[in-house]
Each structure stands twice: as C-alpha cells, then as structure tokens.
A.B. asks: 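I am attaching a structure below and will ask some questions about it afterwards.
Fair warning: this is a prediction, and the values are worked out from it, not measured in the lab. Naming: A, B, ... by sequence-line order, numbering from 1 per chain.
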2 protein chains.
Amino acid sequence: MPRKHILGDLQLAIMRVLWARGEASAGDVHAALHAERGLAPTTIATMLRKMEEKGLVGHRADGRLFLYRARVAEAKVRHSMVGELVQRVFLGDSAALVNHLLREGEIAPEELARLKRLIEARQKDGQGRDGR
Amino acid sequence: MPRKHILGDLQLAIMRVLWARGEASAGDVHAALHAERGLAPTTIATMLRKMEEKGLVGHRADGRLFLYRARVAEAKVRHSMVGELVQRVFLGDSAALVNHLLREGEIAPEELARLKRLIEARQKDGQGRDGR
DNA sequence: GCGGTAGTACGACCATGGTAGTCGAAATTC
DNA sequence: GAATTTCGACTACCATGGTCGTACTACCGC
C-alpha cells in the first residue's frame, strides 16, 4: 500500500528542492532553504534522515557527501495531500472543494478562463476515461 | 490575527457534530461519533476541553451537563485549511489546485457541468467583486 | 443515608513534525 | 603529522493531536 505521503511544511520545502535539483546534499538543501527560513544545517540533516527512514528520500554516498534524491514523485505527494484534505474537510467530495475555491474568489480571471477550457476538454475526451 | 484554524481529524469530526447540532454535550458527541470511531467517552471530553482552550468551542452549563457550541464557523475552518494546503503544496496558487483536481479525474461529469456554469457566472458578475 | 451512575477534570502516554546541540570521523590545510 | 573544518549520526526537547485511565462530584433510586 502506498503509505501516507502526508508531509509537514519543512518536509515539503525539502522535497521541493530535491524535486527541482534531482540530487542534492544536506548542505545544498540548507543553502537553498536558508534564505526563506534560516534554519540550522543540522535541522535539515536531521529531517533528511527522518525522511529517509520513512522512504520519502534516498541517498547515495559520493565520497563523504551524501547525495539525497526524492523517492516519491511530486504528483504522488500532491495527490495524497489533496486527497487527505478532501477527505477530512469535504468528506471526500472533490467537487465541493473546487466549488469552495471558485467561490472564495482567489482565482484570477485569466485562470478562470483556462480552467473553463480545461473542463471543456475533460468533458469532451473524458467520456470513457477516468484520468488515472 | 485569526489564529490558525487548522484542526486534526478528530477535531473536525467533533466540529461537524457541533455544526450540525448547534449544541451538544460531550455524551451527545460521543454517541454521534461512536459508530464510526468507537472512542472512549473521556477522549471526546478531553478533546472538547482542549478545543475550548483554543477557542474553537465554548460551553454553557445546563445543570451538571456541559452543552458545547462551535465558536468558529465551518466556512472559516474550511477556508483556513484549504488555504494552508494551497500554501504548502501549491505555493499559494489556488488555480493550480483546481487544475490538479480537474486532472485527477475525480470529478463526476455532472459536477463538471455544474462547475463550468459556476465559472461562467463568476466570469460574468465577478468583474469588480472578490468573493468575500 | 448509600451506592451506583453520569459527567467533568486532570494527568499520562504515544507519535510526529520541527529544531538544534554535540560527537566522531574524514578531508583539508598548514 | 597536527589543527581545523566539514559533515553525517545520535540524542534531546518542545508542541500538538489523539487516546485513555483514574479521580472527583453531584445527583438518583431505593
């Protein structure tokens, strides 16, 4: 079973670096994140180790350096986390979430147009498919 | 600042009971939730106490009974939690989340049609408004 | 009056995310 | 070859959510 890919904030930030870079050492990640959060290097290293325990990342040694790599795809994590929220807050009703987002008015007009086109596309070609 | 209305699973479940009922005793909540989770009554009572500390619920005494009431609106909680997710996972881009949901194919065809109408409505009347 | 019951209060414990200090070993520098 | 820096390992701490057990209390039926 695909375990729960529910990540915390820092974990997400780390994964983003890994997804963008492909491979990165703890130091690289720290450097990338230092500007926005100013954490101690050890914090990043510890988090990476914990994440490795959970299978979120893997590493290989390059000399003394550990190069970490993401072991779960960004799409997977997104899917899990969105699914979790939909379950918790909207009792599994994805459409209700879309509804909420639309009504909140946080979507720019141009985006609305894009989304509308996306819906139309899905209505057209989506007859027998189910998107997975 | 409106504190963080980020609730856990049990907290959500409890809030749902309160939102639906208006007022409820710890026992009522326990009864309502017992079927789906089978928790000890004290668990509910403790959770309610903790939630009161955080201002999520309030209570008044009716004899020796405590009648709890939600002190934050469902919409508020939804907003906070969705906002949190959008921030964490989609870096604040709500449209990206809608996009994700649409592509995941978890939305039924009838829903797609409804959402499309909603988008059209927002495009039309949404010129100066901003949804709040 | 007395025991059972219902209901709250309090404290304990576990997991997880986040944060960091310290330690030891290896690499680099003098 | 010794001193310094570098970097991972380990340990510890704190907060929060979740889960209860136990203790206290007030009321009810007999």
A.B. asks: Taking only the side-chain heavy atoms of B:Arg88 (C-beta and beyond), determine which of C:dG18, C:dA9, C:dT22 contains the nearest atom.
C.D. replies: C:dG18
A.B. asks: Between C:dT19, D:dC20, D:dC7, spot the one nearest the side chain of A:Leu39, thanks.
C.D. replies: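 For the A:Leu39 side chain, the nearest candidate turns out to be C:dT19.
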A.B. asks: For A:Arg69, I'd like to know if atom CZ has over 12 heavy atoms of other residues, nucleotides or ligands within 6.0 Å.
C.D. replies: no
A.B. asks: In terms of side-chain geometry, is the basic nitrogen of A:Glu52 or A:Arg49 positioned less than 4.0 Å from the acidic oxygen of its partner?
C.D. replies: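 Salt bridge between A:Glu52 and A:Arg49, a charged N being under 4.0 Å from a carboxylate O: no.
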A.B. asks: Roughly, in whole Å, what's the span from NZ in B:Lys54 to P in D:dG18?
C.D. replies: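 Interatomic distance, NZ of B:Lys54 to P of D:dG18: 9 Å.
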A.B. asks: To the side chain of B:Leu10, which of C:dG18, D:dC7, D:dG18 is closest?
C.D. replies: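 Of C:dG18, D:dC7, D:dG18, D:dG18 is nearest to the side chain of B:Leu10.
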A.B. asks: Mind calculating the distance between CG (A:Leu33) and P (C:dA20) to the nearest angstrom?
C.D. replies: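 It is 12 Å, rounded to the nearest whole Å.
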A.B. asks: Looking at A:Arg114 and A:Glu111, is any side-chain nitrogen of the basic one under 4.0 Å from a carboxylate oxygen of the acidic one?
C.D. replies: yes
A.B. asks: Applying a 4.0 Å non-hydrogen cut-off, can you work out what B:Leu7 is touching in the nucleic acid: base, sugar-phosphate, or nothing?
C.D. replies: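 Nothing: the residue B:Leu7, judged by heavy atoms under 4.0 Å, touches no strand.
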A.B. asks: What is the distance, to the nearest angstrom, from the CD atom on B:Glu36 to the P atom on D:dT19?
C.D. replies: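 Spelled out: CD on B:Glu36 to P on D:dT19 is 11 Å.
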A.B. asks: Grab the NE2-C1' distance between B:His30 and D:dC20 for me, whole Å please.
C.D. replies: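 Rounding to the nearest Å, NE2 of B:His30 and C1' of D:dC20 are 11 Å apart.
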A.B. asks: With rounding to the nearest 0.5 angstrom, report the CG to CG distance, B:Leu115 to B:Leu102.
C.D. replies: 7.0 Å
A.B. asks: Step through the shown structure and confirm whether more than 12 heavy atoms of other residues, nucleotides or ligands are within 6.0 Å of CZ on B:Arg71.
C.D. replies: no
A.B. asks: In whole Å, I'd like the distance from the CZ atom of A:Arg64 to the C1' atom of D:dT4.
C.D. replies: 16 Å
A.B. asks: Determine: side-chain N/O of A:Thr43 to OP1/OP2 of C:dG18, distance under 4.0 Å, yes or no.
C.D. replies: no
A.B. asks: Given A:Arg37 and A:Asp9, is the side-chain contact (heavy atoms from CB on, under 4.5 Å) satisfied, shown in steps?
C.D. replies: CA-CA 11 Å; A:Arg37 357 191 124 210; A:Asp9 216 48; 3.2 Å; yes
A.B. asks: Can you measure B:His5 atom NE2 to D:dT16 atom P for me and round it to whole angstrom units?
C.D. replies: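 In whole Å, D:dT16 P and B:His5 NE2 are 15 Å from each other.
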A.B. asks: Can you check whether B:Ala96's main-chain N or O pairs, donor with acceptor, with B:Asn99's side chain at less than 3.5 Å?
C.D. replies: no
A.B. asks: Which residues, if any, of residues 44-51 of chain B bring a heavy atom under 4.0 Å of DNA chain C?
C.D. replies: B:Thr46, B:Arg49
A.B. asks: In whole angstroms, how far is the P atom of D:dG17 from the CE atom of B:Met81?
C.D. replies: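 Roughly 11 Å, once rounded to whole Å.
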A.B. asks: Starting at atom NE2 of A:His59, determine the distance to atom P of D:dG8, rounded to an integer number of angstrom.
C.D. replies: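 Distance check: A:His59 NE2 to D:dG8 P gives 9 Å.
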